[in-house]
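First comes the structure, then the notes that go with it.
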Amino acid sequence: MTTPAPLPVADLARLHDELLDWFDRTARDLPWRRNASPWAVMVSEFMLQQTPVSRVLPVYEAWVDRWPTPAALAAEPTGEAVRAWGRLGYPRRALRLHAAATAMVDRHGGEVPSSLDDLLALPGVGDYTAAAVSSFAFGGREAVLDTNVRRVFARVVRGEQFPPAAVTSAERELATVLLPVRDAHRWAAATMELGAVVCTARSPRCDACPVADLCRWRAAGYPAYDRPARRGQAWHGTDRQCRGQLMAVLRDAPGPVPKSALDAVWADALQRERALDGLVADGLVEPLPDDTYSLPS
DNA sequence: CAGGCGTGGAC
DNA sequence: TGTCCAAGCCT
C-alpha cells in the first residue's frame, strides 16, 4: 500500500519554500528562539502546553534566570516550582518539570537528552514536547504535531476547517510525508508560527498568508466544519475551579495557611474537601500536622 | 480513549 | 454574559 501524494510535487516544493521564506522574514523574536539552551527550550515547551505565549513570557524569563540548569531546579523543593509557576495554569506541569529535571540529573548527567525515546521517558513529555525539544533544541528531524500544525495541514492540504478531535494516524503520516529532508526543524517552527499568527482557529488572516494560493480550504470556498462540535469544557462550579481557588491561596501566602483560609474560598464543603484531597494526592499541596496546609516541600 | 486538569483574553 | 480557545499530558 502506498500513501498518495498529499499535493502535487511542484506544490509541495512551493509550500516548503514559501513558508520557510515567510518564517525567515516575519518570525516573532521569542526568547526561547534566541540561542536558548536545551533546558530553556524544554522549560518553554512545558509552559506553552495549553498556555498562550504572552502569558508564558514573563514566567519563562524568571524561571530560566533562577534555575538555569536542570540540577538547579532539582535541588529545590517542588513547592518552589509550583510557586514560581504562578498563574500559568495546570500546575501539575510544574511538578512534572521538576520531576523531569530530577530524572535528567539521575539518568542523563544533568543534561537534556537529545533522543526521542529518552525525551519521551521524562515526566510531562509526550509526543509533541519530545518532537519539539528534539527539533528546536537539537535540530532534529521530527514531525511536530501541535494544534497549530494540525490546523494548518487540515486546511492547506485536506481542505477542511479543523483537524479531528484527536490526533489520527493519517495526520501523523501526512506530517511525515510533508517533512522536508532539509531544514525540518525550521519547517516545524514555520508551520507552528503560521497556525499561531495567521491561520488561527477563529478568524484566519488569509490576506497575510504566504501559501493562500495553495490552500485547498480556501480554494473550496471555506466549507464549514461538519463533524459534531467538541463539547466545551465546563468551568463554573467544577472541581477544577475549586482547585484553582485553593492553589491561589497557597501560592499567595508566604508560608503555611490555616485550614480556615482554604475553607473561606469555596462554599460547598463536600466539593472543597474532595478538591483538597485531590491536590494532596497530586502532590500539589502538603498537609501539616497542626491542621495547616502549604505548598509541598 | 474520553475526560480531567487552570487561567485569562478575545469576541 | 457565555463561549471558545491557547506550542498537551496522563489515566
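With rounding to whole Å, L246(A) atom CG is found 11 Å from dG6(B) atom P. Atom CG of L88(A) and atom C1' of dA6(C) are 12 Å apart (whole Å). Rounded to an integer number of Å, the gap from R93(A) CZ to dC5(B) C1' is 10 Å. Rounding to whole angstrom units, CG of residue L57(A) and P of dA6(C) are separated by 17 Å. Atom CZ in F46(A) sits about 10 Å away from atom C1' in dG8(C), given to the nearest Å. One interatomic measurement links the two molecules: CD of Q233(A) to P of dG8(C), which rounds to 12 Å at whole-angstrom precision. Between L194(A) atom CG and dA7(C) atom P the separation is 12 Å, expressed in whole Å. Between the P atom of dC5(B) and the CG atom of D282(A) lies a distance of 9 Å, rounded to the nearest Å.
With a 4.5 Å cut-off on side-chain heavy atoms, Y293(A) and L246(A) do not count as touching. Under the 4.5 Å side-chain criterion, counting only non-hydrogen atoms from C-beta, D146(A) is not in contact with T191(A). Taking the side chain as every heavy atom from C-beta outward, N148(A) and L194(A) never approach each other to under 4.5 Å. Counting heavy atoms from C-beta on, the side chains of Y90(A) and Q49(A) never come closer than 4.5 Å. In this structure the side chain of L295(A) reaches within 4.5 angstrom of the side chain of M247(A), judged on heavy atoms.
Taking the six-membered ring for Trp and the full ring otherwise, the centers of F136(A) and W32(A) sit at least 6.0 Å from each other.
Salt bridge absent: R83(A) and E76(A) never bring a charged side-chain N and a carboxylate O closer than 4.0 Å. Between R25(A) and D21(A) there is a salt bridge, since at least one side-chain N of the basic residue sits less than 4.0 Å from a carboxylate O of the acidic one. Under the 4.0 Å criterion applied to side-chain N and carboxylate O atoms, R186(A) and D24(A) are assigned as salt-bridge partners.
In this model, no side-chain donor or acceptor of R240(A) finds a partner on the base of dG4(B) within 3.5 Å. Residue T51(A) places no side-chain atom within donor-acceptor reach of the base of dG8(B), judged by atom type and a 3.5 Å distance cut-off alone.
Note on ring orientation: taking the six-membered ring where Trp is involved, the planes of F153(A) and W187(A) are parallel (angle under 30°, cut-offs 30° and 60°).
Using atom P as the reference point in both dG3(B) and dC4(C), the two lie 16 Å apart (nearest Å). dA10(B) and dA7(C) have their P atoms separated by 15 Å, given to the nearest Å. Here the separation of dT11(C) from dG6(B), taken at their P atoms, is 14 Å to the nearest Å. dG9(B) and dC5(B) are spaced 23 Å apart, taking the P atom of each and rounding to whole Å.
Counting any heavy atom pair closer than 4.0 Å across all strands shown, W85(A) reaches no nucleic acid atom. R28(A) comes within 4.0 angstrom of a nucleotide base, judged by non-hydrogen atoms across all strands. Among the protein residues, R87(A) comes within range of the sugar-phosphate backbone only, with heavy atoms under 4.0 Å from sugar or phosphate atoms but none that close to a base. The residue A132(A) sits apart from the nucleic acid: no heavy atom pair falls under 4.0 Å. At the heavy-atom level, L95(A) lies nowhere under 4.0 Å from the strands shown.
There is no side-chain donor-acceptor pair under 3.5 Å between D117(A) and S115(A).
The CG atom of L30(A) lies 9.5 Å from the OH atom of Y60(A); values are rounded to the nearest 0.5 Å. Atom CD of Q161(A) and atom OH of Y222(A) lie 11.0 Å apart (nearest 0.5 Å).
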Mind listing the N/O atom pairs, protein and nucleotides 9-11 of chain C, below 3.5 Å?
from	atom 1	to	atom 2	distance (Å)
dC9(C)	OP1	G126(A)	N	2.8
dC9(C)	OP1	T129(A)	N	3.0
dC9(C)	OP1	T129(A)	OG1	2.6
dC9(C)	OP2	Y128(A)	N	3.4
dC10(C)	OP1	G124(A)	N	2.8

Sort me out a list of protein N/O and nucleotides 9-11 of chain B N/O pairs below 3.5 Å, or just none if empty.
none

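DNA chain C is contacted by D146(A), T147(A), N148(A), R151(A) of residues 138-155 of chain A, taking any non-hydrogen atom closer than 4.0 Å.
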